[in-house]
Amino acid sequence: MHRTAAPLDREQLAERLLRASVRHSHDPLTEIAWDEPIDPGRPAMPPHRCSLYGTALWDSLGPQEQAALCTRQFAGLLTWTLWGELMLMEGLIRHVYDEDPATRHAQYALTEVADECRHSIMFGRYLTLTGHPTQVGPAARRLGRWLLRTNCVPLLLATTLFVEEFIEAAQREVMRDESLQPLARSVSRIHVIEEARHIGYASAELRHSCRAFGPARRAALAQALAVTCAFMVREAVPPRMYALAGLDARAAHRAAAANPHWHRATATWSRKAVALFRELGILDRWSEPIWRRARLID
Ligand SMILES: [Fe+2]
Ligand SMILES: [Fe+2]
């Protein structure tokens with residue numbers, strides 16, 4: 001094992017994150033009341049954040065069906081996040097493989113893997129209780145395999161950071177809204193607390209990686225990142241989610257794609273990632289149209 005001296009700022013940040021992990025780590029298996037029945041009349045996410053909210057299709061549904069659709073969408077977001085977590089865990093393990101495990105930096109990366117293991121189990125439990133599929137569709141699975149094969153750490157870091165910021169913003173709203181399903185709020189609260197550290201770590205790592213990039217590499221990363229995130233956000237609420245909710249998948253997908261309320265939600269949840277990518281020059285004027293077309297910038 002060759003010992004590479006990590007820059008002091010990386011070590012200091014890792015030390016801070018390790019201390020925060022000791023103070024604020026949660027065990028969802030014991031801290032969440034899994035046995036409490038789920039009230040089907042209570043939505044798992046705010047109705048105004050449902051992809052169909054405000055459309056004619058939404059208005060045609062009764063209150064129970066609207067609540068069920070909100071819960072279905074929340075469950076779908078967890079399936080999508082679980083997929084992102086599995087990729088991130090593999091990326092982190094590969095990252096640590098080349099590092100010295102004696103550094104705080106490597107130790108924090110392993111701590112994050114432990115956090116993500118607990119999250120993925122927590123999401124799996126929620127998905128079992130709601131009956132939603134635990135795996136994303138075949139196209140998304142292919143993209144995930146491709147992303148891991150590229151072994152491009154900055155692209156993997158940036159795309160998983162996008163997923164983390166997006167779900168963190170969505171779950172922060174769920175956690176705070178007392179009218180929503182208690183189980184969804186408990187799951188969201190634990191995830192939001194622990195994701196704050198992950199976002200801090202991924203942002204610093206991405207900044208560190210991008211520092212070494214010349215203009216050509218930065219522009220290539222910007223294109224790849226825009227295309228990947230545009231694809232990923234489509235997978236966050238895929239057509240099959242509507243079919244599982246008993247709706248016409250094509251009609252519902254079309255209605256969501258034209259829904260200004262939904263565009264506002266996706267742009268709001270993407271805001272922090274977009275700001276960071278702009279600052280690092282990996283969202284540039286050539287890739288910005290892709291972000292706009294995907295409704296990730298309003
Ligand atoms: Fe997570
Ligand atoms: Fe995370």
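We're numbering straight along the sequence, starting at 1. Counting convention: from 1, in listed order, for ligands and their atoms alike.
For the Fe ion (ligand 2), protein N, O or S atoms closer than 2.8 Å were enumerated as E116 OE2, E164 OE2, E195 OE1, E195 OE2, H198 ND1, with waters left out.
Ring geometry for H119 versus H191: interplanar angle over 60°, hence perpendicular rather than tilted (30 to 60°).
Of the listed residues (L86, L143, L156), just one forms a side-chain contact (heavy atoms from CB on, under 4.5 Å) with L148, and that residue is L156.
Inter-residue side-chain proximity for L180 and P46 is flagged as met; some heavy-atom pair is nearer than 4.5 Å.
Between the side chains of D298 and H263, not a single donor N or O lies within less than 3.5 Å of an accepting N or O.
Seen from the ring of W34, R125 counts as a face-on cation partner, given the 6.0 Å and 45° thresholds.
Surrounding CZ of R240 are more than 12 heavy atoms belonging to other residues, nucleotides or ligands, all under 6.0 Å away.
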